[in-house]
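This report concerns only the one structure given below.
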4 protein chains.
Amino acid sequence: MSAIAPNPNAERRAELLATAARVFAEQGYNATTVRRIADAAGMLAGSLYYHFDSKEAMLDEILTAFLDELWACYDTVLAAGLGPRDTLGALVTQSFRQIDRHGPAVAIYQKESKHLSAQPRFAHLAGSQPKFEHAWLRTLERGVAERDFRADLDVRLVYRFVRDTVWVAASWYRPGGVHSAQEIARQYLSMVLAGITTRG
Amino acid sequence: MSAIAPNPNAERRAELLATAARVFAEQGYNATTVRRIADAAGMLAGSLYYHFDSKEAMLDEILTAFLDELWACYDTVLAAGLGPRDTLGALVTQSFRQIDRHGPAVAIYQKESKHLSAQPRFAHLAGSQPKFEHAWLRTLERGVAERDFRADLDVRLVYRFVRDTVWVAASWYRPGGVHSAQEIARQYLSMVLAGITTRG
Amino acid sequence: MSAIAPNPNAERRAELLATAARVFAEQGYNATTVRRIADAAGMLAGSLYYHFDSKEAMLDEILTAFLDELWACYDTVLAAGLGPRDTLGALVTQSFRQIDRHGPAVAIYQKESKHLSAQPRFAHLAGSQPKFEHAWLRTLERGVAERDFRADLDVRLVYRFVRDTVWVAASWYRPGGVHSAQEIARQYLSMVLAGITTRG
Amino acid sequence: MSAIAPNPNAERRAELLATAARVFAEQGYNATTVRRIADAAGMLAGSLYYHFDSKEAMLDEILTAFLDELWACYDTVLAAGLGPRDTLGALVTQSFRQIDRHGPAVAIYQKESKHLSAQPRFAHLAGSQPKFEHAWLRTLERGVAERDFRADLDVRLVYRFVRDTVWVAASWYRPGGVHSAQEIARQYLSMVLAGITTRG
DNA sequence: AATGAATGAGTTTTCATTCAT
DNA sequence: AATGAATGAAAACTCATTCAT
């Protein structure tokens, strides 16, 4: 056990969270019983409570881990000072990378974040949406201002179009499929850019 | 019970189903209690069972009504013998019309159909997906064959791209917002066509 | 159903609360399962939740009803402007009347209030103790000042002596026993007064 | 394992039992989790099972140790052949000495013995009550017969009065407070004797 | 048509206890 | 002696559903 290795506790937690995330993504959070997660993890339902406070705590940890990593990526991209086209490209690419790494978490976030954020416990999820919107919208607006992107479209609609296009992919993407996440990102980006770029 | 005066029973059912659909869409099907629907309808939970057999029956009726109307539209479009571009345009337009009319039902279908179709009761939902895929895929392939649409993209990816782009709109679209469903359809179509059409 | 009759809802609740109070008093709050209360009430455990939010809510309602009535009695006594001996007598008599009417609630309060009031939900219970102490202590101090009561005793000890003597009776008193609550009050008072009154 | 050096094992047990008794007294036996005791002892819940067979075994040992010592004291007093007044005095004094030494155990016994003795495991606790009653009642009756104590009171009520007065003190007495146990005993006895002694 | 009161199956959660290390 | 990770039984609670009125 080198200094780099996470403590076994943390490893076990991560394993269990990965299992839980998979089941949540497949069945939906509410339709998933704690027993089912425990079955998938090869233990009894009660045993999960040695590692986690509650079913909600598991969900929270899954979503928070994903969002934290996502924002680390996005912030790096946004801080890089790229032009609008390249920024857009980097955001799309990084998003697919997140889908590749945190597929189940992304799928859960897509389906559940909206009604979850109404509960105090998950109110913090609501914070990501405006940050999200700001990041993409800023980029699109810069692109329009610099005449890279079409001016005849409502930029808010374009934002939703791009956002949805990218993230919904989490609901069908499976690592190890025909195309890599990179390749999917490339083709998506090719369509999106062709769709919103000024002709000239 | 003439064609002019639908029985009041049917009207009440429709009202209640609309209420249920709204709540299901907002909270998620599993997270929605029968009591909550009853609250929203101004009655007690038990009273709903005078009108419906079960919570599942409500959901089934909501989804089936939507799918029936959707397929009626789609079949008309597909039978019209239009070219690929116009077929695509009509499908997108009709889809947004459905979102406008059955917003909550569409949102529910998006979120829940995948894991619902695993249950026998909702197995029939699974049938729509291949029909759906076939309709869009055929159109896209015809477009590629006729050199209307780009050949450098995986047509299955394009299918998912277009499908997701259109349908996920149900999760944020609200009738009476800034743009009409028609206008949103127009701008989406403009982006999508620009994205997948061959340049020339 | 006259205007005086409480609504059936309230009657049922009161019945169920009386049952719950009896079981709580016999077994202790924590050792009492919801199922046991339901058994005693002739229904299933889940059915209790139609009437009450939780086991804690039942306990709270039981204790609050008792304390409210108790303070109404005490406040009347204290406002009557009686001398120390008569005030003491009235307080003891009223206390035994409460024990007679709310026996189980009193017993529960005696056993559980101390550790319950550490929980936020039951923090309000803590408020009764100082009011209690104040009422009795004031009376005892007046008695000492007026040379009715002995001055050679620590008045705080006398307070605890009298308080405990009276209230612990709730743990063994059963209505319909050999002595009425009135008679017990009379004899207790006779001992207590003989114990703390100045000779002469 | 000489008389001078008790084995360290026994010392550790005693420490742990003292800790457990304190927590049981504060929170109530049922409301106390094994984990809480372990926390207070600076170990993990499972580790307690190296020292004790079960939570019940701890409680049993705590109560038995207290009762054994109590009866040793009482038996000595009762065998001394004192008159009723002195016997009563000695019993009260010894009782407060027990409260001083075994405060938590006494408090637990007061609160829990009644419903515990319904369980086979703790059936032996039930044996103390009649012995107790016999000891006090005999003394009171002798006092009445010898015209030391008032004859106008129900001697059973007097018994309960004295018993409760003394033992409930365990719920508020803390060693190191304003008054020593001895001093409290003296004042209590002064009141009780004044309360039940014939005037002359 | 709707209510009020229940049912009963299932869910999350708790916790005393065990046991390999 | 003590830990960490489990077990398993039972607890509180939820909720779709039923039914007499």
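Naming: A, B, ... by sequence-line order, numbering from 1 per chain. Hydrogens, waters and symmetry mates play no part in the numbers below; they use all other heavy atoms, side chains included.
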Is there side-chain contact between [X] and [Y], with heavy atoms separated by less than 4.5 Å?
X	Y	answer
Leu70(D)	Val106(D)	no
His124(D)	Thr64(D)	yes
Leu116(A)	Leu63(A)	yes
Tyr29(B)	Asn30(A)	no

Between atom [atom1] in [X] and atom [atom2] in [N], what is the gap in whole Å?
X	N	atom1	atom2	value
Ile37(B)	dC15(F)	CD1	C1'	12 Å
Arg36(C)	dA10(F)	CZ	P	14 Å
Leu44(C)	dC15(F)	CG	P	18 Å

Out of Leu17(D), Asp53(D), Leu16(D), which residue meets the side chain to side chain contact (heavy atoms under 4.5 Å, CB included) rule with Glu61(D)?
Leu17(D)
Any salt bridge (Lys or Arg N to Asp or Glu O under 4.0 Å) pairs touching residues 101-124 of chain B, not counting sequence neighbours?
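Every pair satisfying salt bridge (Lys or Arg N to Asp or Glu O under 4.0 Å) with a residue in residues 101-124 of chain B: Asp60(B)-Arg121(B), Glu69(B)-Arg101(B).
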Which residue pairs pass the ring-ring contact (aromatic ring centres under 6.0 Å, His included) test with at least one member in residues 32-63 of chain C, sequence neighbours excluded?
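For residues 32-63 of chain C, and leaving out neighbouring residues, there are no ring-ring contact (aromatic ring centres under 6.0 Å, His included) pairs at all.
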Partner set under side-chain hydrogen bond (donor to acceptor under 3.5 Å, both in side chains) for Gln110(B), not counting sequence neighbours:
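Once residues adjacent in sequence are excluded, Gln110(B) has no partner under the side-chain hydrogen bond (donor to acceptor under 3.5 Å, both in side chains) criterion.
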Gln129(D) atom CD: more than 12 heavy-atom contacts under 6.0 Å
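Open: at most 12 neighbouring heavy atoms sit under 6.0 Å from CD of Gln129(D).
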Heavy-atom nearest nucleotide on DNA chain F for Met43(D) versus Leu48(A): which residue maps closer to 5'?
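With Met43(D) and Leu48(A) compared, the 5'-side residue is Met43(D).
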So, is [X] close to the [N] phosphate, meaning a side-chain N or O under 4.0 Å from OP1 or OP2?
X	N	result
Arg12(D)	dA2(F)	yes
Tyr50(A)	dA5(F)	yes
His51(C)	dG4(E)	no

Which label fits Phe66(C) and Tyr109(C): parallel for a plane angle under 30°, tilted from 30 to 60°, or perpendicular past 60°?
perpendicular
For DNA chain F, which ranges pair as stems of 3 or more consecutive Watson-Crick or G-U pairs, with both donor-acceptor distances under 3.5 Å?
E:2-21 with F:2-21
Between N or O atoms, less than 3.5 Å apart, protein on one side and nucleotides 15-18 of chain E on the other: list the pairs.
unit_1: dA16(E); atom_1: OP1; unit_2: Thr32(D); atom_2: O; d: 3.4
unit_1: dA16(E); atom_1: OP1; unit_2: Lys55(D); atom_2: NZ; d: 3.3
unit_1: dA16(E); atom_1: OP2; unit_2: Val34(D); atom_2: N; d: 2.7
unit_1: dT17(E); atom_1: OP2; unit_2: Tyr49(D); atom_2: OH; d: 2.7
unit_1: dT17(E); atom_1: OP2; unit_2: Lys55(D); atom_2: N; d: 2.8
unit_1: dT17(E); atom_1: O5'; unit_2: Tyr49(D); atom_2: OH; d: 3.4

Near DNA chain E, counting only heavy atoms under 4.0 Å, which residues of residues 108-118 of chain B show up?
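None - not one residue of the stretch has a heavy atom sitting under 4.0 Å from the strand.
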Which is it for Ser113(C) and Phe122(C) under the side chain to side chain contact (heavy atoms under 4.5 Å, CB included) test, yes or no, and what are the steps along the way?
CA-CA 8 Å; Ser113(C) 71; Phe122(C) 292 100; over 6 Å; no
